[in-house]
Asker: 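Sharing a structure here in C-alpha cells format.
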Amino acid sequence: MKKTLLCMVALCLVGGIFAQQQNVDLVVNVKKTGAPIQSTMYGLFFEDINFGADGGLYAELIKNRSFEFPQSLMGWDIFGNVEVRSDGAPFERNPHYVRLSHSGHAHKHTGLENEGFRGIGLKKDGTYRFSLWARTATNSAPQKIRIELVDAANNPIERKELEITTDEWKQYEIILSSPLEEAKATLRIFLTSEGPLDMEHISLFPTDTWKGRKNGLRKDLAEALNELNPGLFRFPGGCIIEGTDLDTRYDWKKSVGPVENRPLNENRWHYTFTHRFFPDYFQTYGMGFYELFLLSEDMGAEPLPVVNVGLACQYQNDGEHCHVPIGELGNYIQDALDLIEFANGDISTQWGKVRAEMGHPEPFHMKFIGIGNEQWGPEYPARLEKFIEAIRAKYPEIQIVGSSGPQAEGKDFAYLWPEMKRLKVDLVDEHYYRPPQWFLDNAARYDSYDRKGPKVFAGEYASHHKNRKNNFESALTEASFMTGLERNADVVHMATYAPLLAHVDAWQWRPDLIWFDNLRMVRTPNYYVQKLYGHYAGTNVLPLTWKQAPLTGQEGLYGSAVIDTNKNEIIVKLSNVSQENRQIVVSLEGMKKKMQLRPEVETILLKGGADEENTLDTPDAIVPVSTSATLNRSKLSVDVEPYSFNLFVIGYTD
Ligand code: AHR
C-alpha cells in the first residue's frame with residue numbers, strides 16, 4: 001500500500017515537473033498581415049468627476065472665484081466689512097461680486113481668504129499668477145489691497161500690494177512666488193486703504209501650466225495624459241453630459257468664450273453618492289470645449305465630443321416628462337450641428353468665428369461626435385434618429401457614435417445593438433465596469449462579433465476588484481482582456497478606460513487611472529497597461545496562435561500580436577494570470593525573404609502582487625521594466641513570469 005502511494009506521488013511529481021517544463025509554442029504568422037489598427041484605438045475618457053476638472057486638470061487654484069456658488073461665499077472666509085452684491089457686475093452670466101469696505105475701526109481688518117480645492121498646492125520656488133477684476137467703488141480715489149499666500153500653519157509666505165486705480169472694471173494681475181512647498185495653502189486678501197472696492201473673478205494659476213497657457217492645465221497631469229500617447233480623447237463625460245435634470249446637463253455653448261463670462265453649472269457628482277458627498281463641487285466650465293479640443297490637438301488625439309440627446313440621466317429620471325419631447329429636439333440638434341461648426345467651421349461662420357476669437361482660427365478637424373452618453377430604452381433611438389438625420393444631411397463626413405446602454409450584455413444591450421445597426425451609426429459605445437474575472441472570461445468577446453455592422457467603441461471600462469482598488473490584479477485582467485481588443489481591431493476601433501482622474505481627498509468613484517493630490521500624482525498599474533498598449537499599438541494585427549487557436553486563457557495565458565510597419569517592429573503582448581512560470585517559444589512564420597529579424601529583442605515586464613498598488617508615497621512600486629532577450633533565427637524562447645504582463649518588441653529590416 002505504502003509502495004503504491006509512493007509511486008503515485010512520484011508519478012505526480014514527475015508529471016507536474018513535466019507539465020511545468022513543457023513549452024507553450026506560439027506561432028505569429030507574419031505573412032497574414034491583418035486588419036489595420038485604427039489610430040483611435042487606445043484613447044482617453046475625460047469627465048469632471050473626482051475633481052477631475054475643477055480642482056484637478058484645470059489649473060485654477062481658487063474655488064468659487066466668481067462668487068456664483070449657490071452659497072455665494074462657499075470656499076471663502078470673510079472678515080471685516082464684506083458684502084456680496086449683484087448690481088453692475090462686469091459679466092452678465094456671473095452677476096455676483098464682492099464689495100470690500102472699511103470696517104469702521106482702524107484695527108479691524110476687511111478682507112477674505114480662499115481655501116482652494118482642499119487647500120492650494122504651492123511648489124517650492126513656484127510662481128503664481130494672481131488676477132482679479134476690480135474697480136474702486138463709490139469714489140474714484142485709488143484703493144489698495146494686500147495679497148498673501150498663507151501656509152497651513154497660518155504663516156504668510158508671500159505678500160504683495162496691488163493698487164486699483166479706476167472706477168471702471170478692469171483686470172489686474174501680479175505674480176506671487178512661493179519660497180517653499182505647501183500642499184494646503186490659502187490665499188488671503190486685505191483691504192489696506194479706506195475702500196470701498198469691488199472685486200470679481202479672483203483667480204490664481206501656476207505660471208507653469210501645460211504649454212505655459214493662461215487659463216491653462218495642471219502641467220504634471222496633462223503631461224501624464226500626453227505620455228499615454230492617446231489616439232482619441234472623449235469628453236466631457238460621462239453622466240455629466242446628461243445632467244441630473246436637463247437644466248444641469250453639460251451645455252458646451254456655455255463653456256466657450258471669455259472665461260469670466262462662462263456661467264456656473266452644478267456638478268452631479270457633488271450629490272450622486274451620499275456616501276461620497278461633496279457639496280462644494282461645481283463646474284465653472286473654465287476648462288471648456290475650446291480647452292478640451294486644444295488638449296486633444298496637443299496630444300495628437302482625435303477629439304470625440306459627446307452631446308446630450310435630449311435625455312436627462314435615466315438613472316435619476318423616470319418617465320417621458322423628464323426628457324425633451326421628440327418634436328421639440330430642435331435646439332439640442334442645433335447644438336450638435338453648431339458644435340461641428342465650432343470645431344471645423346470656417347472663421348466666417350458664426351461658431352467658427354467664436355473659435356477663431358478664442359485663438360484658434362484653424363479648424364480642429366473633428367471627425368467623430370457622440371450622441372447621448374449611457375442611454376437605454378426606446379426613448380433613445382427615437383431621439384438619436386433625429387440627430388442622425390440632421391447631421392448626415394449637413395455633415396455626411398462626421399462619424400456618429402451611439403450607445404448600447406450601461407451594461408455589457410442583457411436586455412438593454414440586446415435591444416440597442418440592433419437599433420444602432422438599423423440607424424446605421426458608425427460606432428457603438430459599450431460600457432463595462434466588471435469584476436476581474438469578467439475581463440478574463442471576455443477576452444474572446446469580440447472574436448465572434450458581426451463584422452458588417454457598426455464598429456465598437458469600448459467607451460468606459462475598468463476591472464472592478466471587490467474593494468475597488470487600482471491593484472495589479474485589476475491591471476493584469478485589463479491587459480489580458482485588451483489582447484482581445486487588439487486581436488479584433490477590425491471591429492474594435494476605439495477603447496477608453498474610465499474614469500481618468502481622481503483627487504485623493506475628493507473622489508466619488510474608483511478605480512481611476514491617475515490619482516493626485518494638490519502637488520503630486522501617481523500613475524496606477526492600470527495606467528501603465530494603457531501606456532504600453534498606446535505606445536505599442538502597431539499598425540496591423542498579426543495572428544498569434546497556440547495549437548492553431550487564439551490565446552484566450554489557455555494555461556492562464558492571453559496574447560496578441562501586431563506589426564508596426566512604420567517602426568519596423570513586431571510586437572507580441574502576453575499576459576500570464578497563472579501562478580506558474582510559463583516557458584514560451586514564439587515562432588515567427590511566413591516572413592518575406594528580404595525581412596531580416598534583429599536578434600536583440602526588447603522585453604518589457606509589468607509585474608506585481610495581486611493586491612499591490614502604486615500610491616502617492618510609493619508611486620513606482622509597479623512600473624514597466626525593460627530588458628532584452630535574444631532571438632534564435634526566427635524563434636524567441638522566454639520565460640514568462642507568473643502573474644505578469646509582457647511585451648516583446650522584435651525589430652526587423654526590409
Ligand atoms: O465613469 C463614471 C460613470 O460611469 C460615467 O459618468 C457614466 O457614463 C458611467 O455610468
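Just so it is clear, the values below take in all heavy atoms, side chains as well, and ignore hydrogens, waters and symmetry mates. Index from 1, following the sequence.
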Asker: In terms of side-chain geometry, is the basic nitrogen of Glu460 or Arg234 positioned less than 4.0 Å from the acidic oxygen of its partner?
Answerer: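 Yes, charged N to carboxylate O under 4.0 Å.
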Asker: Any heavy-atom pair between the side chains of Ile369 and Phe387 that's under 4.5 Å?
Answerer: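 Phe387 does not reach Ile369 side chain to side chain.
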Asker: Quick one: sort the Phe645 and Tyr533 rings into parallel, tilted or perpendicular, breaks at 30° and 60°.
Answerer: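 Aromatic pair Phe645/Tyr533 classed parallel.
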Asker: State which residues pass side-chain contact (heavy atoms from CB on, under 4.5 Å) with Glu379; sequence neighbours excluded, sorted by chain then number.
Answerer: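 Checked Glu379 against side-chain contact (heavy atoms from CB on, under 4.5 Å); matches are Leu311, Gln314, Glu320, Arg383.
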Asker: To the nearest 0.5 Å, what is the distance between CG (Asp335) and NZ (Lys253)?
Answerer: 4.0 Å
Asker: If we check side chain to side chain contact (heavy atoms under 4.5 Å, CB included) with Pro305, which of these qualifies: Leu339, Ile241, Leu292?
Answerer: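 The passing option is Leu339.
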Asker: Take a 6.0 Å sphere around NZ of Lys353 and say whether it holds more than 12 heavy atoms from other residues, nucleotides or ligands.
Answerer: no
Asker: What are the two closest heavy atoms between Pro230 and Leu44, and how far apart are they?
Answerer: CB-CG, 3.6 Å
Asker: If you take all heavy atoms of Asn344 and Met366, which pair is closest and at what distance?
Answerer: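 Nearest heavy atoms, Asn344 then Met366: OD1-N, 2.7 Å.
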Asker: Using atom types as modelled and distance alone, determine if a side-chain donor or acceptor of Glu341 lies under 3.5 Å from a backbone N or O of Trp351.
Answerer: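 Judged by distance alone, yes, a pair lies under 3.5 Å.
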Asker: I'd like to know if the side chain of Gln530 reaches the main chain of Leu228, judged simply by a donor and an acceptor atom lying under 3.5 Å from each other, with no hydrogens or angles considered.
Answerer: no
Asker: Determine whether more than 12 heavy atoms belonging to other residues, nucleotides or ligands lie under 6.0 Å from atom NZ of Lys421.
Answerer: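 It does: Lys421 NZ has more than 12 such atoms within range.
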Asker: Any chance the side chains of Asn215 and Tyr58 put a donor and an acceptor closer than 3.5 Å?
Answerer: yes
Asker: Using the six-membered ring wherever Trp is involved, compare the ring planes of Tyr290 and Phe342 and label them parallel, tilted or perpendicular (cut-offs 30° and 60°).
Answerer: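 Ring orientation of Tyr290 relative to Phe342: perpendicular.
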Asker: Count the heavy atoms of every other residue, nucleotide or ligand shown that sit under 6.0 Å from CG of Asp450, and state whether that count exceeds 12.
Answerer: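 For Asp450, atom CG is crowded (more than 12 foreign heavy atoms under 6.0 Å).
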Asker: Between Tyr332 and Asn308, does any side-chain donor sit less than 3.5 Å from a side-chain acceptor?
Answerer: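 There is no such pair (donor and acceptor under 3.5 Å, judged by atom type) between the side chains of Tyr332 and Asn308.
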Asker: Quick one: CG on Leu329 to NZ on Lys386, what's the gap to the nearest 0.5 Å?
Answerer: 8.5 Å
Asker: Got a sec: does the NZ of Lys394 have more than 12 other heavy atoms crowding it under 6.0 Å?
Answerer: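 More than 12 heavy atoms, drawn from other residues, nucleotides or ligands, come within 6.0 Å of this atom.
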Asker: side-chain contact (heavy atoms from CB on, under 4.5 Å) between Leu532 and Lys573: does it pass, once the steps are laid out?
Answerer: CA-CA 9 Å; Leu532 290 172; Lys573 300 188 181 80; 5.9 Å; no
Asker: Flag yes if more than 12 heavy atoms outside Ile347 fall under 6.0 Å of its CD1 atom; otherwise flag no.
Answerer: no
Asker: Assess the residue pair Phe289 and Tyr250 against the criterion (ring-ring contact (aromatic ring centres under 6.0 Å, His included)); give the C-alpha distance rounded to whole Å, side-chain angles, the decisive distance to 0.1 Å, and a yes or no.
Answerer: CA-CA 10 Å; Phe289 264 38; Tyr250 193 104; 5.4 Å; yes
Asker: Are Asp564 and Thr539 close enough that some pair of their side-chain heavy atoms sits under 4.5 Å apart?
Answerer: yes
Asker: Would you please test Tyr527 and Trp515 for ring-ring contact (aromatic ring centres under 6.0 Å, His included) and show each step?
Answerer: CA-CA 10 Å; Tyr527 173 97; Trp515 287 84; over 10 Å; no
Asker: Checking Tyr432 against Arg445: is there a side-chain donor and acceptor pair closer than 3.5 Å?
Answerer: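 On atom types as modelled, these side chains do not qualify, holding no pair under 3.5 Å.
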Asker: Any chance you could lay out the ring-ring contact (aromatic ring centres under 6.0 Å, His included) test for Phe439 and Tyr558, step after step, and finish with the verdict?
Answerer: CA-CA 11 Å; Phe439 281 85; Tyr558 298 80; over 10 Å; no
Asker: State whether a side-chain donor-acceptor pair under 3.5 Å links Asn488 with Arg451.
Answerer: yes
Asker: Examine distances only and state if a side-chain atom of Thr40 and a backbone atom of His493 form a donor-acceptor pair shorter than 3.5 Å.
Answerer: yes
Asker: Looking only at non-hydrogen atoms, find the nearest pair between Ala343 and Phe293 and report the distance.
Answerer: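 Smallest interatomic distance, heavy atoms only, reads CB-CZ, 3.7 Å.
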Asker: Measuring from His275:NE2 to Thr272:OG1, what's the distance to the nearest 0.5 Å?
Answerer: 10.5 Å
Asker: Within the distance-only criterion (no hydrogens, no angle test), does the side chain of Asp490 pair as donor or acceptor with the backbone N or O of Ala35 below 3.5 angstrom?
Answerer: no
Asker: Has Asp346 got a side-chain atom pairing as donor or acceptor with Thr349's backbone, closer than 3.5 angstrom?
Answerer: no
Asker: Knowing that exactly one of Asn50, Asp48, Leu513 qualifies, which makes a side chain to side chain contact (heavy atoms under 4.5 Å, CB included) with Pro499?
Answerer: Asn50
Asker: Is it the case that Thr244 and Tyr271 place a side-chain donor and acceptor less than 3.5 Å from each other?
Answerer: yes
Asker: If we count only N and O atoms by modelled type, under 3.5 Å, do the side chains of Gln407 and Arg434 hold a donor and an acceptor together?
Answerer: yes
Asker: Taking the six-membered ring of Trp509 (Phe, Tyr or Trp), confirm whether the NZ or CZ of Arg276 is under 6.0 Å from its centre and within 45° of its axis.
Answerer: no
Asker: Would you find a donor on one side and an acceptor on the other, under 3.5 Å apart, between the side chain of Tyr446 and the backbone of Val491?
Answerer: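 Checking the backbone N and O of Val491 against the side chain of Tyr446, no donor-acceptor pair under 3.5 Å is found.
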Asker: For residues Phe273 and Trp507, establish whether the separation of their ring centroids is below 6.0 Å.
Answerer: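 Between Trp507 and Phe273, which both carry aromatic rings, the centre distance is not below 6.0 Å.
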Asker: Would you say the side-chain atoms of Asp429 pair up with the backbone N or O of Gly459, donor to acceptor, closer than 3.5 Å?
Answerer: yes
Asker: Do the side chains of Arg262 and Asp251 get close enough for a salt bridge, i.e. N-O under 4.0 angstrom?
Answerer: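 Salt bridge: no.
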Asker: What do you reckon, are the aromatic ring centroids of His431 and Tyr461 less than 6.0 Å apart?
Answerer: no
Asker: Looking at Arg268 and Glu242, is any side-chain nitrogen of the basic one under 4.0 Å from a carboxylate oxygen of the acidic one?
Answerer: no
Asker: Spell out, as yes or no, whether a donor-acceptor pair under 3.5 Å connects the side chain of Glu613 to the backbone of Asp611.
Answerer: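 Checking the backbone N and O of Asp611 against the side chain of Glu613, no donor-acceptor pair under 3.5 Å is found.
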Asker: Between the side chain of Asn229 and the main-chain N/O of Lys531, is any donor-acceptor distance below 3.5 Å?
Answerer: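 No, the answer is negative, given that no donor and acceptor are paired below the 3.5 Å cut-off.
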Asker: State the OG-CZ distance between Ser296 and Phe364, to the nearest 0.5 angstrom.
Answerer: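 Going from OG on Ser296 over to CZ on Phe364, the span is 8.0 Å.
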Asker: Return yes when atom CD of Gln71 has more than 12 non-hydrogen atoms of other residues, nucleotides or ligands closer than 6.0 Å, and no otherwise.
Answerer: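 Open.
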Asker: Does Asn267 reach the main-chain N or O of Tyr281 with its side chain, forming a donor-acceptor pair under 3.5 Å?
Answerer: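 Side chain of Asn267 to backbone of Tyr281: no pair is present.
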Asker: I would like to know whether Arg93 and Glu68 meet salt bridge (Lys or Arg N to Asp or Glu O under 4.0 Å); could you show each step before the answer?
Answerer: CA-CA 9 Å; Arg93 295 202 286 187; Glu68 295 303 325; over 6 Å; no
Asker: Going by atom types only, do Thr248 and Asp245 share a side-chain donor-acceptor pair under 3.5 Å?
Answerer: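 Checked: Thr248/Asp245 side chains pair up, N/O donor to acceptor below 3.5 Å.
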Asker: Looking at every non-hydrogen atom in both residues, tell me the closest pair between Met41 and Leu485 and how far apart they are.
Answerer: CE-O, 3.3 Å
Asker: Could you grab the distance from atom CZ of Phe472 to atom OG1 of Thr477, nearest 0.5 Å is fine?
Answerer: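 Between atom CZ of Phe472 and atom OG1 of Thr477 there are 9.5 Å.
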Asker: Out of curiosity, Trp417 CH2 to Tyr449 OH, how far, rounded to the nearest 0.5 Å?
Answerer: 6.0 Å
Asker: Ser560 and Glu486: side-chain donor and acceptor closer than 3.5 Å?
Answerer: yes
Asker: So, do Phe368 and Glu302 sit near enough that their side-chain heavy atoms are less than 4.5 Å apart?
Answerer: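 Yes, their side chains come closer than 4.5 Å.
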Asker: Can you confirm whether Glu397 is buried at CD, in the sense that more than 12 heavy atoms of other residues, nucleotides or ligands lie under 6.0 Å from that atom?
Answerer: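 Count over threshold, so yes.
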Asker: Looking at every non-hydrogen atom in both residues, tell me the closest pair between Ala390 and Ile333 and how far apart they are.
Answerer: CB-CG2, 3.4 Å
Asker: Can you see which heavy atom on Leu217 is nearest to which on Met287, and at what distance?
Answerer: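 Minimum heavy-atom separation between Leu217 and Met287: CD2-SD, 3.3 Å.
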